[in-house]
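The next block holds one structure in the form of structure tokens; read it before the comments.
Because the structure is a prediction, the values reported are computed rather than measured. Throughout, a chain's letter reflects where its sequence line sits, starting with A, and its residues are numbered from 1.
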Amino acid sequence: MKKISALDDLKKAGDKGWKSLFPGGVKILVGMATSGIASGAGEVYAALAAEIKKRKLPYVLAKTGSMGMDCIEPLVDIIEKDKPRLSYGKMTAGKVPDLIDQIIKGTIDKIKPVYRIDEENLIATRDKNHYTKGNVPEYLKEIPGINEVPFYKKQIKIATRNCGIIDPENMEEYIARGGYLALQKVLTSMTPESVIEDVIKSGLRGRGGGGFPAGVKWQSCRSAHGDIKYVICNGDEGDPGAYMDRSVMEGDPHSVIEGMIIGAYAIGAQEGYIYVRNEYPLAVTNLTKAISDARSRGLLGKNIFGTSFSFDIKISKGAGAFVCGESTALMASLEGKAGEPRAKYIHTVEHGLWDRPSNLNNVETWANVPVVISRGGKWFSEIGVPHSTGTKVFSLVGKINNIGLVEVPMGIPLKDIIYDIGGGIPGGRKFKAVQTGGPSGGCIPAKMMDLSVDFDALREAGSMMGSGGMIVMDEKTCMVDLARYFIEFLVSESCGKCTPCREGVRRMNDILHDICAGRGREGDVEILESMAKGIVDGSLCALGGSAPNPVLSTIKYFREEYDAHIKDKKCPAGVCRALIRYEITAKKCTGCGVCAKKCPTGCISGEKKKAHKINRKKCIKCGICMESCKFDAITVE
Amino acid sequence: MKKATTIEAKVKEIVKKHGRDKSSLIAVLQDIQEEYNYLPKEALLAVGEQMEVPSSRVYEVATFYNTFSLNPRGRYLVEVCAGTACHVQGSFNLMDRLKRDLEIECGETTKDNMFTLEEVRCLGCCSLAPVVRIGGNIHPYLTQDEIPRILRNYRKQG
């Protein structure tokens with residue numbers, strides 16, 4: 001393969017990529033990220049391939065990542081010359097013949113697209129790509145444009161700019177959308193110092209949770225003594241309920257690689273590592289292919305872009321340890337050791353991997369870098385709010401209508417994310433709280449919905465930005481159980497090196513278990529609070545230092561739920577098994593017998609067409625009766 | 001003893017692929033686990049010998065990380081996602097149902113060696129919660145109700 005060594009080569013590769021993105025004629029794109037595949041995109045893809053073959057159609061069929069709106073997957077996009085791009089949600093193999101009919105006839109009478117895209121921003125080059133020449137065909141006018149869809153309206157895509165648009169296995173498509181232009185600019189016209197200056201000016205803060213200014217970190221690593229330096233990408237996305245980095249690694253691996261090469265040049269590093277979670281096999285596959293493609297085109301390896309700068313990247317697979325998301329633990333793991341963190345007073349920018357200066361940033365941070373360089377630090381700093389610039393990707397999940405990945409400008413009010421983008425809570429239930437920051441974060445109650453979503457405001461509210469998980473909870477979520485859940489998680493993930501975290505978190509777990517089991521005693525909450533202080537003050541690393549956050553924030557905002565568990569022995573949300581019981585409302589029960597049939601212990605009995613009863617002695621409180629009752633006759637109290 | 005020599009040969013092959021540098025230890029163990037579905041004792045000893053790493057360190061790494069298992073696993077690994085999104089959607093009920101239906105505890109393998117039940121910390125499919133991954137296939141929006149049929153299908157496939 002010909003090496004890319006000048007701007008002209010890059011342009012040629014980009015032109016090829018553009019032809020692959022828009023081949024003319026009909027192109028069908030299937031969203032094949034992990035979540036797409038799990039919802040059946042593989043079968044849809046196979047059905048499309050078979051149908052195209054059967055009818056001998058000259059269509060191009062391709063794969064892409066996820067655009068974010070995971071609740072409508074599997075997603076199929078149709079791109080036709082001079083027509084808006086159409087996105088069809090919840091596709092099945094069965095709908096494929098109808099879809100093909102529609103394309104041939106130029107109608108949308110059988111299956112309606114969810115939205116249409118008339119134009120898209122090429123954020124890295126400030127261009128726009130127009131699908132139509134301004135005229136939308138009459139029959140497509142009833143379909144909302146993507147910018148009218150509430151889910152997308154308030155989003156700005158920088159880190160996820162290419163996800164769901166390009167084929168992640170095709171480097172030329174990445175280049176066609178402005179990829180590797182920033183690298184070219186850096187290597188041919190910028191000094192390492194001016195790159196760092198621009199990143200500092202952008203205000204870009206680490207997206208992995210800590211929020212440390214990226215440019216400042218790069219500066220310290222550059223100034224550190226030593227000939228050999230490393231850049232590391234943290235792709236060990238361990239926070240349960242978060243999958244932003246998975247989506248970027250799967251859907252746009254080159255953005256991470258380009259960011260790392262730029263970082264390496266600025267810092268003076270020769271080698272890089274991407275540490276990916278073992279649970280993300282597709283991310284590993286796509287990154288491996290991307291690295292090998294970049295290498296074969298001369299964008300990794302010796303003399304990149306024909307300059308004297310050389311740099312290469314290796315992938316390292318994690319082995320399932322949450323603590324390895326912590327930078328020093330991650331570096332220990334890269335060295336082939338158990339992932340135990342070390343004290344923070346030795347800085348990794350000076351003594352990191354193999355005791356050499358190392359600069360670690362997470363996936364989303366690296367993916368932002370090429371755009372920061374292309375558009376300039378000043379442009380980036382104008383998005384968001386002062387001290388929290390740019391955008392942040394969140395995984396909006398839990399009890400919310402529009403589940404998916406969203407990228408929003410920093411400082412957006414929390415209620416805009418929950419109600420506008422997320423579309424509110426399903427089933428007309430009451431919104432209770434949103435959990436951010438994973439096990440290190442906390443819960444923000446409904447009454448604080450006007451909160452600005454940025455690093456500092458979230459911390460003040462007792463939570464944190466974290467890596468970007470946003471788990472929405474309604475009235476059926478028990479906050480004590482949630483605190484117990486996180487603490488239990490941390491008990492099993494604590495590496496065991498320091499006592500406050502190993503023993504302290506375990507004792508907090510015991511107390512929370514007791515409270516949930518109805519054995520709570522007055523004064524337990526106060527004990528939890530004082531233990532939390534000890535753990536925060538005494539722990540070695542951030543895992544222990546932030547471990548009590550989920551407990552403290554739920555005590556702060558939902559003290560009454562703790563009291564209900566301890567004093568009244570009741571779980572108001574109906575979750576904690578020891579404190580609840582299922583009841584059949586005789587008036588509503590039609591005696592259909594569905595619950596009795598489904599009950600795994602056979603504890604429900606009654607005559608046909610007459611109200612049934614639950615034998616409490618045999619009931620294991622699995623809740624399947626309530627789930628299966630169509631008449632709302634079963635309640636939990 | 002024949003089995004031990006074949007394990008040794010396999011380990012040799014894997015160590016050769018990754019190199020004997022100590023930093024490759026985790027990758028070597030991952031490949032061994034992929035081959036045998038768990039980490040056999042003989043393999044761990046062979047790794048120590050061939051990579052010149054004390055067996056105690058091999059054991060430390062093998063027991064520190066969640067993905068490694070020192071016990072043989074069943075044909076299908078049943079992983080219940082315990083991520084936050086899955087938890088608030090009631091994944092604990094799925095775990096209980098699987099324990100009852102498979103008649104094993106979490107971490108155990110069924111007598112017929114078909115299923116090993118484990119909990120996994122977030123598969124990153126939060127939009128499909130609650131999910132269970134069986135033999136690498138993700139089952140989205142799973143309800144307790146569907147579990148018997150799904151298990152039956154895997155049993156049928158053998």
Side-chain angles (χ1 to χ4, degrees), chain A residues 34-35 37-39 70-71 73 237-243 246-247 277-281 316-322 324 333-340 354 395 397-399 403-405 435 438-439 469 471-473 477 481-482 485-486 489 492-493 495 598 600 620 622-624 627-628, chain B residues 18 21-31 33 51 53 57-68 79 81-94 96-97 100-101 119-129 131 133 136-141 143-145 147-148:
Chain A
T34 296
S35 46
I37 293 171
S39 10
D70 295 330
C71 51
E73 287 193 305
E237 185 172 49
D239 279 7
Y243 62 103
R246 168 178 72 70
S247 194
R277 281 186 86 198
N278 192 42
E279 286 82 354
Y280 292 172
S316 205
K317 269 198 299 177
F322 174 70
C324 286
S333 183
L334 277 177
E335 293 173 14
K337 297 177 189 155
E340 285 180 359
W354 289 300
S395 68
V397 297
K399 312 277 185 77
I403 290 178
L405 275 197
Q435 207 278 347
I471 297 105
V472 182
M473 292 152 211
T477 313
D481 172 71
L482 189 82
Y485 161 81
F486 278 119
F489 176 90
S492 69
E493 293 300 336
C495 76
K598 293 210 167 163
I620 53 167
C622 68
I624 200 165
E627 271 170 35
S628 58
Chain B
H18 292 282
D21 191 274
K22 290 173 180 53
S23 63
S24 310
L25 182 58
I26 294 171
V28 166
L29 295 180
Q30 278 166 341
D31 275 13
Q33 174 142 313
M51 295 183 75
V53 177
R57 247 210 59 211
V58 178
Y59 184 78
E60 183 197 10
V61 170
T63 51
F64 182 85
Y65 293 99
N66 292 332
T67 37
F68 297 128
E79 297 163 289
C81 182
T84 321
C86 289
H87 179 80
V88 301
Q89 302 283 15
S91 63
F92 45 89
N93 282 326
L94 299 178
D96 283 349
R97 181 71 188 235
R100 279 202 308 277
D101 285 8
E119 190 177 81
V120 61
R121 295 303 191 190
C122 197
L123 292 167
C125 296
C126 315
S127 52
L128 312 169
V131 304
R133 183 162 72 181
N137 301 313
I138 288 167
H139 295 268
Y141 312 113
T143 60
Q144 299 182 49
D145 230 13
I147 286 174

**Message:** Quick check on B/N93 against chain A: is it the side chain, the backbone, both or neither that has a heavy atom closer than 4.5 Å?
**Reply:** both
**Item:** Side chain / backbone / both / neither for B/V53 at chain A, heavy atoms under 4.5 Å
**Value:** neither
Flag the one option from [options] with the top tally of heavy-atom pairs under 4.5 Å to chain B.
| options | answer |
| --- | --- |
| A/S316, A/A319, A/G241 | A/A319 |
| A/L482, A/T34, A/V472, A/V397 | A/V397 |
| A/G318, A/A38, A/C71 | A/A38 |
| A/G398, A/C622, A/S35 | A/C622 |
| A/E73, A/Q435, A/R277, A/M473 | A/R277 |
| A/A321, A/G438, A/G469, A/A338 | A/A338 |

**Message:** As an exercise: rank B/V61, B/D96, B/L25 by heavy-atom pairs under 4.5 Å with chain A and give me the winner.
**Reply:** B/D96
**Item:** Leading residue by heavy atom contact count with chain A [cutoff under 4.5 Å; candidates B/R57, B/H87, B/Q89]
**Value:** B/H87
With a 4.5 angstrom heavy-atom cut-off, could you sort out which part of [X] is near chain B: side chain, backbone, both or neither?
| X | answer |
| --- | --- |
| A/I624 | both |
| A/C324 | side chain |
| A/I620 | side chain |
| A/S247 | neither |
| A/F489 | both |
| A/E627 | side chain |
| A/T477 | side chain |
| A/E237 | neither |

**Fill in**
The ring-ring contact (aromatic ring centres under 6.0 Å, His included) partners of B/F68 (sequence neighbours excluded) come to none
**With sequence neighbours excluded, residues passing side-chain contact (heavy atoms from CB on, under 4.5 Å) with B/D101** = B/R97, B/I147, B/P148, B/L151
**Prompt:** How many angstroms lie between atom CD of A/E279 and atom CZ of B/R133, to the nearest 0.5 angstrom?
**Reply:** 7.0 Å
**Closest contact, heavy atoms only, A/Y280 versus A/A242** = OH-O, 3.7 Å
